[in-house]
**Student:** 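Can you keep this structure in mind? I'll have questions shortly.
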Amino acid sequence: MPIPTVEKQLKVIKRGTVEIVPMDELVEKLKKSYQNQKPLRIKLGCDPTRPDLHLGHSVILRKMRQFQDLGHHTILIIGDFTAMIGDPSGANKTRPALSRQEVVENGKSYFEQASKILDPDKTEIVYNSEWLSPMSFEDVIRLASHYTVARMIERDDFTKRYQNNDTISLHEFLYPLAQGQDSVHLKSDIELGGIDQKFNLLVGRHLQKEFDQSPQVCLMTPLLIGTDGNQKMSKSYDNYIGIDETPEDMYGKTLSIPDNLIYPYFELVTDVDEEALRLLKEKATSDPRNTKHELAWTITNMYHGVEKADQARSHFEKTVVKKDVPDDIPEFAIVSGEHHRILDIMKSVNFVASNGEGRRLVTQGGVTLNGEKITDPQHEFALDSGKEVILKVGKRKFGRLIAK
RNA sequence: GGGGAGGUACCGAAGCGGUCAAACGGGGCAGACUGUAAAUCUGUUGGCUUACGCCUUCACAGGUUCGAAUCCUGUCCUCCCCA
């Protein structure tokens, strides 16, 4: 497949990016690549500590996918070396180190999930332990000599932590260097990353210059705000929509985003074309309800297909809007004829973690049997063989209890 | 190396011998309301228990005391100032 013209490429590449440094070098690289029909080397690093990918990750992975479709060579780095030591970046805490085995498994799982977005056949996968592990202490010192303390503490999160008197371990300074070394080793032309990675990407650029390479262009995408509407999407904030989630959860969670995120979501995590995007921007404010449903459907469709997306929509209408019982709910067998305490049942089907929690939910009116509110935590019931009853706990936990 | 300040529940942060399972805020969960799993309001937020009560928890390990998150000793960890 031939590499398209620079203009065509730029159109695709620019969508949903927040910054490209430097722009003119990107154009230059694209030009050369087009003239020689020689693909550029696109680098994306991933951290295999948390293997559950969500829409936030999808933003940058989709960017990677676009480069694949444009005919470039894409390299996914599994940061196994860095993960084993415990990368603190972004957070204000040192992350726990992982074992070799965990890292390998996480990396595998990461790639599996990422394959929903990337073209797996066009993705070169490398582990950075391959070249970082064999480095000697001397090599590391030499590498470190290419960067200064002053520039290091320019990094935003270091500055903040330093001002807050938070701990910064010395080895944390080596992380950007390790990531930069990846760029040097791979001779990358473009490195992709979220805007929070800007510093790290720039270090790679700097180091490549130091080693007389053509420095990489850094392409940053914005951080996707999570469903809570104020923090970046992250598993640890529990404001994420996972790409492995059920159609129902995906649909419902998408509807829970604040209205002002409707447009950014369309732009960053869906494939709708430019023209449609323009229309949606206006529609998102004039008709937020329907536009948000459209968004939820579009996202669910991307990961689960039309049929499931339709089902998810009707599921939502039924359970949330009409407060009805959904079609597909898990079934649980209970012993017939005997008295069961509602607390015991809720616990045995894992709807609550403890009796205390169950008691609280009952007292607060969050538990129903066949639609009837249970108010007494001591409530008991018995069912004859073959009979069933629908248990609802909280907003979203449904179960069909069948007597056997 | 010397001096000082700290480590409290999911997070931030009060408490400084009993009335502490531990104020307050954030987050979570639930209820009401809603186009919505949004916003807002209300309630709730260690475990066992119908309850009285009991058990585990305030960095870790010991100790003093009728009684400790609170006092003492040691250990580990963090921050600040000086060198």
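Keep in mind that what you see is a predicted model, and the values were worked out from it rather than measured. Letters A, B, ... mirror the listed sequences (proteins, then strands); counts begin at 1.
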**Student:** I need the residues from residues 280-297 of chain A with at least one non-hydrogen atom less than 4.0 Å from RNA chain B; give them sorted by number, or say none.
**Tutor:** A:Arg289, A:Lys292
**Student:** Side chain of A:Ser354: nearest nucleotide among B:rG47, B:rG31, B:rA38?
**Tutor:** B:rG47
**Student:** When you look at A:Asp196 and A:Lys232, which way does the salt bridge (charged side-chain N to carboxylate O under 4.0 Å, His left out) test go after all the steps?
**Tutor:** CA-CA 10 Å; A:Asp196 57 340; A:Lys232 73 164 182 177; 3.5 Å; yes
**Student:** Whole-Å distance between B:rG47 C1' and A:Leu343 CG?
**Tutor:** 14 Å
**Student:** With side-chain contact (heavy atoms from CB on, under 4.5 Å) as the test, would you mind laying out the steps for A:Leu383 and A:Val389 before giving the verdict?
**Tutor:** CA-CA 8 Å; A:Leu383 284 183; A:Val389 68; 3.8 Å; yes
**Student:** Roughly how many Å apart are B:rU78 and B:rU8, using the C1' atom of each and rounding to a whole number?
**Tutor:** 15 Å
**Student:** Restricting both atoms to N or O, compile the protein contacts to nucleotides 76-80 of chain B shorter than 3.5 Å, with distance only.
**Tutor:**
{"unit_1": "B:rU78", "atom_1": "O3'", "unit_2": "A:Thr167", "atom_2": "OG1", "d": "2.7"}

**Student:** Quick one: which residue pairs count as a side-chain hydrogen bond (donor to acceptor under 3.5 Å, both in side chains) with a foot in residues 380-393 of chain A, not counting sequence neighbours?
**Tutor:** A:Glu388-A:Arg400
**Student:** May I ask you to list the residues of residues 359-368 of chain A, by number, that have any heavy atom positioned under 4.0 Å from an atom of RNA chain B?
**Tutor:** A:Arg359, A:Arg360, A:Leu361, A:Gln364, A:Gly365, A:Gly366
**Student:** Using heavy atoms to find the nearest nucleotide of RNA chain B for A:Val321 and A:Arg341 separately, return the residue whose nucleotide is more 5′.
**Tutor:** A:Val321
**Student:** Are the charged groups of A:Asp189 and A:Arg41 less than 4.0 angstrom apart, N to O?
**Tutor:** no
**Student:** Test the A:Arg155-A:Phe158 pair against the cation-pi criterion, namely NZ or CZ under 6.0 angstrom from the six-membered ring centroid and within 45° of the ring axis.
**Tutor:** yes
**Student:** If a pair satisfies side-chain hydrogen bond (donor to acceptor under 3.5 Å, both in side chains) and one of its residues is in residues 4-21 of chain A, list it, with sequence neighbours excluded.
**Tutor:** A:Gln9-A:His72, A:Glu19-A:Lys198
**Student:** When the aromatic ring centroids of A:His146 and A:Phe211 are compared, is their separation below 6.0 Å?
**Tutor:** yes
**Student:** Any chance you could lay out the side chain to side chain donor-acceptor pair (under 3.5 Å) test for A:Ser214 and A:Gln208, step after step, and finish with the verdict?
**Tutor:** CA-CA 7 Å; A:Ser214 156; A:Gln208 284 177 310; over 6 Å; no
**Student:** Would you classify A:Phe316 as touching base, sugar-phosphate or nothing, given that sugar-phosphate means primed atoms plus P, OP1 and OP2, and contacts are heavy atoms under 4.0 Å?
**Tutor:** base
**Student:** Rounded to whole Å, how long is the line connecting atom CG of A:Leu261 with atom P of B:rU36?
**Tutor:** 19 Å
**Student:** Rounded to whole Å, please give me the gap between NZ in A:Lys392 and C1' in B:rG31.
**Tutor:** 11 Å
**Student:** Would you kindly compare A:Asn355 and A:Gly394 by the position of their nearest RNA chain B nucleotide and give the one closer to the 5′ end?
**Tutor:** A:Gly394
**Student:** Of the options A:Ile190, A:Leu219, A:Val217, A:Leu186, which is the one that meets A:Ile42 in a side chain to side chain contact (heavy atoms under 4.5 Å, CB included)?
**Tutor:** A:Ile190
**Student:** In whole Å, measure the gap between the P atoms of B:rC54 and B:rA22 for me.
**Tutor:** 14 Å
**Student:** Between B:rC48 and A:Lys347, is there an OP1 or OP2 to side-chain N/O distance shorter than 4.0 Å?
**Tutor:** yes
**Student:** Please state the C1' separation for the pair B:rC58 and B:rA9 - nearest whole angstrom.
**Tutor:** 8 Å
**Student:** Rounded off to whole Å, could you give me the CZ-to-C1' distance for the A:Arg396 and B:rU36 pair?
**Tutor:** 12 Å
**Student:** Please report, rounded to the nearest Å, how far the C1' atom of B:rA38 is from the CG atom of A:Asp228.
**Tutor:** 11 Å
**Student:** Not counting sequence neighbours, which residues clear side-chain hydrogen bond (donor to acceptor under 3.5 Å, both in side chains) with A:Asn260? List them please.
**Tutor:** none
**Student:** Charged N to carboxylate O under 4.0 angstrom, A:Lys29 versus A:Glu25?
**Tutor:** no
**Student:** Taking any heavy-atom pair under 4.0 Å as a contact, classify A:Gly252: base, sugar-phosphate, or nothing.
**Tutor:** base
**Student:** Taking atom P in both B:rC16 and B:rU70, what distance in whole Å separates the two?
**Tutor:** 12 Å
**Student:** Report yes or no: is there a donor-acceptor pair, N or O only, under 3.5 Å between the side chain of A:Lys395 and the base of B:rU34?
**Tutor:** no
**Student:** Show every side-chain hydrogen bond (donor to acceptor under 3.5 Å, both in side chains) that has at least one partner inside residues 283-303 of chain A, sequence neighbours left out.
**Tutor:** A:Tyr251-A:His293, A:Asp259-A:Lys292, A:Lys283-A:Glu294, A:Asp287-A:Asn290, A:Trp297-A:Asp310
**Student:** Between B:rA68 and B:rC55, how many Å separate the two P atoms, rounded to a whole number?
**Tutor:** 12 Å
**Student:** Rounded off to whole Å, could you give me the CG-to-P distance for the A:Asn239 and B:rC11 pair?
**Tutor:** 17 Å
**Student:** Rounding to the closest angstrom, what is the interatomic distance between B:rG15 and B:rG27 at atom C1'?
**Tutor:** 22 Å
**Student:** Mind checking the P distance from B:rG7 to B:rG17? Whole angstroms is fine.
**Tutor:** 16 Å
**Student:** Quick test of your reading: applying ring-ring contact (aromatic ring centres under 6.0 Å, His included), list the pairs with at least one residue in residues 340-396 of chain A, sequence neighbours left out, ordered by first then second residue.
**Tutor:** A:Phe332-A:Phe351
**Student:** Listed by chain and number, what are the side-chain hydrogen bond (donor to acceptor under 3.5 Å, both in side chains) partners of A:Ser109, not counting sequence neighbours?
**Tutor:** A:Gln113
**Student:** Starting from P on B:rG26, measure out to CG on A:Asp238 and report it in whole angstrom.
**Tutor:** 18 Å
**Student:** Which nucleotide, B:rC48, B:rU50, B:rA32, lies nearest any side-chain atom of A:Gln378?
**Tutor:** B:rU50
**Student:** Taking the same atom, C1', in B:rA69 and in B:rU57, what whole-Å distance lies between them?
**Tutor:** 10 Å
**Student:** Under a 4.0 Å heavy-atom cut-off, which of residues 240-251 of chain A touch RNA chain B?
**Tutor:** A:Glu248, A:Asp249
**Student:** Within the structure, does a side-chain N or O atom of A:Ser256 lie under 4.0 Å from either OP1 or OP2 of B:rU36?
**Tutor:** no
**Student:** Just to verify, what does A:Glu130 make a side chain to side chain contact (heavy atoms under 4.5 Å, CB included) with, not counting sequence neighbours?
**Tutor:** none
**Student:** Expressed as a whole number of angstroms, how long is the span from A:Tyr237:OH to B:rG27:C1'?
**Tutor:** 12 Å
**Student:** Under the side chain to side chain contact (heavy atoms under 4.5 Å, CB included) rule, collect the residues that match up with A:Glu105, sequence neighbours excluded.
**Tutor:** A:Gln101
**Student:** Can you tell me the pairing partner of B:rG6 across any strand shown, Watson-Crick or G-U wobble, with both distances under 3.5 angstrom?
**Tutor:** B:rC77
